[in-house]
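The figures here come from the full heavy-atom set of this structure, side chains too, leaving out hydrogens, waters and symmetry mates. Index from 1, following the sequence.
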Amino acid sequence: MNQVQLSDVQIANLTLLLTIRDGILHDRTAACCRFSLDAMQAERLGTMSVQQLMAIVANLGDATLFPPRRDLVSLLDTPLPLVRPLAAVHAPRHVTASSAA
């Protein structure tokens with residue numbers, strides 16, 4: 001049986017993704033405020049399955065997703081083998097209220 005060992009960063013990413021997804025499904029507005037998400041990020045995360053989130057985390061490696069990266073939606077939509085290289089070449093700057101306006 002294959003077992004995947006996740007790093008601390010991967011566990012943090014997975015925990016936050018699952019928590020955010022659950023928050024979006026429960027109260028989208030509160031989750032967006034609490035986790036600094038924009039509408040597109042919330043929409044995409046809210047539609048993802050647990051298996052999809054686990055696959056993203058496993059393929060991303062030790063790149064952090066949070067605070068939410070500007071390219072979070074793009075990374076979520078990227079073919080899995082390309083997630084790690086794309087995350088590595090783009091700076092993980094997060095979206096702030098002033099830059100989102």
>> Let's go through L45 and L72 carefully: what are the C-alpha distance in whole Å and the side-chain angles of both, what is the deciding distance for side-chain contact (heavy atoms from CB on, under 4.5 Å) to 0.1 Å, and is it a yes or a no?
In response: CA-CA 10 Å; L45 284 169; L72 178 61; 4.2 Å; yes

> Counting only N and O atoms by type, is there a donor-acceptor contact under 3.5 Å from the side chain of Q41 to the main-chain atoms of R69?
Replying inline: yes

> Which atom names give the shortest non-hydrogen contact between P81 and P85, and what distance separates them?
Replying inline: O-CD, 3.7 Å

> With hydrophobic residues grouped by side-chain heavy-atom distances under 4.5 Å, do L6 and L17 end up in a single group?
Replying inline: yes

>> Checking I56 against N13 for the side-chain contact (heavy atoms from CB on, under 4.5 Å) test, could you report, in this order, the C-alpha distance in whole Å, the side-chain angles of both residues, the deciding distance, and whether it holds?
In response: CA-CA 9 Å; I56 287 288; N13 280 336; over 6 Å; no

> Taking it one step at a time, do F35 and I24 satisfy side-chain contact (heavy atoms from CB on, under 4.5 Å)?
Replying inline: CA-CA 10 Å; F35 298 106; I24 290 167; over 6 Å; no

>> Tell me if a side-chain donor or acceptor on D38 pairs with a main-chain N or O of C32 at a distance below 3.5 Å.
In response: no

> Applying the side-chain contact (heavy atoms from CB on, under 4.5 Å) test to V83, which of D77, L76, L60 qualifies?
Replying inline: L60

> Ignoring hydrogens and geometry, is there a side-chain-to-backbone donor-acceptor pair from R21 to V50 under 3.5 Å?
Replying inline: no

>> Counting C-beta onward and ignoring hydrogens, is there a side-chain heavy-atom pair between L37 and I20 closer than 4.5 Å?
In response: yes

> Once you round to the nearest 0.5 Å, how far does CD of Q10 lie from CG of N59?
Replying inline: 9.0 Å

>> If we ignore hydrogens and angles and just use 3.5 Å, is the side chain of D71 paired with the main-chain N or O of S74 as donor and acceptor?
In response: no

> Any chance CE of M54 has more than 12 other-residue heavy atoms, nucleotides or ligands included, within less than 6.0 Å?
Replying inline: no

> Do you reckon V73 sits in the same ILVMFWY cluster as V57, going by side-chain contacts under 4.5 Å, direct or chained?
Replying inline: no

> Do L18 and I11 share a hydrophobic cluster (ILVMFWY, side-chain heavy atoms under 4.5 Å, transitive)?
Replying inline: yes

